Amino acid sequence: MTIILYNTLTQCREELVPITPGEVKMYVCGPTVYDRAHIGNARPYVVFDVLFRLLQIFYKTTYARNITDIEDKIIVASKESGEPISALTERTTRLFHEDMATIGILPPTIEPRATMHIQEMIDIIETLIQKDHAYEAQGHVLFNVKSFKDYGTLSKRNLDDMLAGARVEIAPYKKDPMDFVLWKPSTDDVPGWPSPWGRGRPGWHIECSAMSCKHLGTSFDIHGGGRDLIFPHHENEIAQSQAAFGNNSFARLWMHNGILTVNGEKMSKSLGNFFTVRDLLDQADGETIRLALLSTHYRQPLDWKDTTLAQAKSTLDRFYTALKDYELHEEPSYDEAFIAILQDDLNTPKTLTWLHSLVSDIHAAESSLEKAQMQAILRKNASLLGILQQDPKIWFQKTVQKQAHTLEIPQIEQLILERQSARFNKDFAQADSIRKTLEENGIILEDSPKGTTWRRV
């Protein structure tokens, strides 16, 4: 059993060798809860959900994904809306959980909240000051970047390149423009906590170091997130954590998913191509969104096109068609070939090719027993991708696109009953008229010896 993953830190594919044999600890940067998650936010959560599912086959796995519930964006959103910060963060956290559940994401093992770890942050900051890696200035505490000689190891950039390409806050209290905030003062109208440096609040970067250390230890196996977090967030996490706990501490293997664009452009509200998971759920089933996010290898950029959802829906239609009339008799094991594909740096596009091949075999099955066995294998292995766990009948009855003329389920079933009655009475003209009405509303009927089923086009 070998799992190979690409390590951003070494820029190599590496075998996952857990620090503690038989156990894997993974940390993924979670949402800053001030608004709905957009589709770019969702991509890393889907990617690391698949990795979580895979890891649990072989290891005792602890997966920590945090909630950032104190950050300047939250404060700004609260002031603009007039909604109290506590209410804003509770509401958007609940909406995040709802959206993630709808696209099939399992809850992490641990979901720490930043505001519950303030003391841990203060403790790390005090350690950094004691070791001359941080300094206090005008109520702020800043990390002294030049005190950490390995700064830039993750992003592979030197300080001059970083300064030229980064938007850094120029402030008179900084010893160097690249120094970043660990603690900042709070005015009376924003959240704050008592500290040795006065009432204040943490900087963004120190939050993840404190939460990961608290729940996974000063050294753990995997740290994940989107490529946009490599610099400065993850670079700063490494610097402050290793400066506080030692050079061999913190995450051993760093994984980053590629950026999501829309029709070749960066997603932006100003360009009108910005959409949330909730926006997409008004157009498609959550499983369709999930499959679309898995259709490209996680390390590659994903360009979301106008046809992306339709292509994912078509794939799922084909898969669910192969599962029609399936009844589970015996739970199969995971297929070794399928698992091997995922073990090779989560190659989800190749797993979809494998599933397509199996679907072809299902349609060519020579006996009902052979077909049922392959259907069970299809459903079992697809569960690692978080797909094909619905009843096929329900899948085909779901509304894919909301249309003004779309009939509701009770209306559809009533028309089917009326058509059955017409056919029984040999009023075939009426039966055909009802079928045509249903077709005009996007409903396709399928008659079989077992009865009539329907699906939406």
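Keep in mind that this is a model prediction, so the values were computed, not measured.
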When you compare the side chains of [X] and [Y], does any donor N or O come within less than 3.5 Å of an acceptor on the partner?
X    : Y    : answer
E287 : Y320 : yes
Q11  : N7   : no
E237 : S209 : no
W354 : N381 : no
T261 : W304 : no
S147 : H133 : yes
E235 : S155 : yes
E14  : T10  : yes
R199 : S186 : no
D279 : T276 : yes

Residues [X], [Y]: salt bridge by 4.0 Å N-O rule:
X    : Y    : answer
D72  : K184 : yes
D189 : K79  : yes
R91  : E83  : yes
D344 : R13  : yes

Backbone of [Y] reached by a side-chain donor or acceptor of [X] within 3.5 Å:
X    : Y    : answer
D179 : L142 : no
R252 : I19  : no
Q390 : P392 : no
T109 : Y63  : yes
T288 : A284 : no
D303 : N263 : yes
S314 : Q311 : no
S295 : A292 : yes

For the residue pair [X] and [Y], would you count it as a cation-pi contact if the rule is NZ or CZ under 6.0 angstrom from the ring centre and within 45 degrees of the ring axis?
X    : Y    : result
R43  : Y298 : no
R157 : F231 : yes
K175 : Y135 : yes

**Q.** H140/E136 under side-chain contact (heavy atoms from CB on, under 4.5 Å): CA gap, chis, key distance, verdict
**A.** CA-CA 6 Å; H140 295 74; E136 182 183 1; over 6 Å; no

Do the side chains of [Y] and [X] get nearer than 4.5 Å, heavy atoms only?
X    : Y    : result
C12  : Y6   : no
F338 : L385 : yes
I222 : L16  : yes
Q240 : L128 : yes
K146 : N144 : yes
W193 : T115 : yes
P301 : L260 : no
L323 : W395 : no

Q | Reference residue D99; test salt bridge (Lys or Arg N to Asp or Glu O under 4.0 Å); the match among R36, R290, R94 | A | R36

I need the [X] [atom1] to [Y] [atom2] distance, nearest 0.5 Å.
X    : Y    : atom1 : atom2 : result
I377 : Y334 : CD1   : OH    : 13.5 Å
K324 : K371 : NZ    : NZ    : 10.0 Å
L182 : I124 : CG    : CD1   : 9.5 Å
K313 : T307 : NZ    : OG1   : 15.0 Å
I70  : M121 : CD1   : CE    : 9.5 Å
N236 : I206 : CG    : CD1   : 10.0 Å

Is the count of non-hydrogen atoms from other residues, nucleotides or ligands lying under 6.0 Å from [X] atom [atom1] greater than 12?
X    : atom1 : result
E336 : CD    : no
E15  : CD    : yes
K350 : NZ    : no
K131 : NZ    : yes
R227 : CZ    : no
F319 : CZ    : yes
K214 : NZ    : no

Give a yes or no on whether the ring-centroid distance for [X] and [Y] is below 6.0 angstrom.
X    : Y    : value
F275 : H38  : no
F220 : F250 : yes
H233 : W204 : yes
H256 : H234 : yes

Q: Starting from the C-alpha separation in whole Å, work towards a yes-or-no answer on side-chain contact (heavy atoms from CB on, under 4.5 Å) for S268 and N273.
A: CA-CA 6 Å; S268 168; N273 64 356; 4.2 Å; yes

Q | Derivation of the side-chain contact (heavy atoms from CB on, under 4.5 Å) call for L253 and L5 | A | CA-CA 8 Å; L253 195 151; L5 299 170; 4.1 Å; yes

Q: May I have the step-by-step check of salt bridge (charged side-chain N to carboxylate O under 4.0 Å, His left out) for E90 and R113, ending in yes or no?
A: CA-CA 11 Å; E90 285 301 315; R113 297 194 179 203; 2.7 Å; yes

Q: Using the side-chain hydrogen bond (donor to acceptor under 3.5 Å, both in side chains) rule, pick out the option among T62, N66, D221 that qualifies with Y27.
A: N66

Q) A372 and Y326: which non-hydrogen atoms are nearest, and at how many Å? A) O-CE1, 3.8 Å

Q.
If you apply the rule salt bridge (charged side-chain N to carboxylate O under 4.0 Å, His left out), what do you find for D176 with K174, and how did you get there?
A. CA-CA 5 Å; D176 187 278; K174 286 187 175 186; over 6 Å; no

(Q) Set out, in order, the CA-CA distance, both residues' side-chain angles and the distance that settles side-chain contact (heavy atoms from CB on, under 4.5 Å) for F143 and H205, then state yes or no. (A) CA-CA 11 Å; F143 185 85; H205 312 300; over 6 Å; no

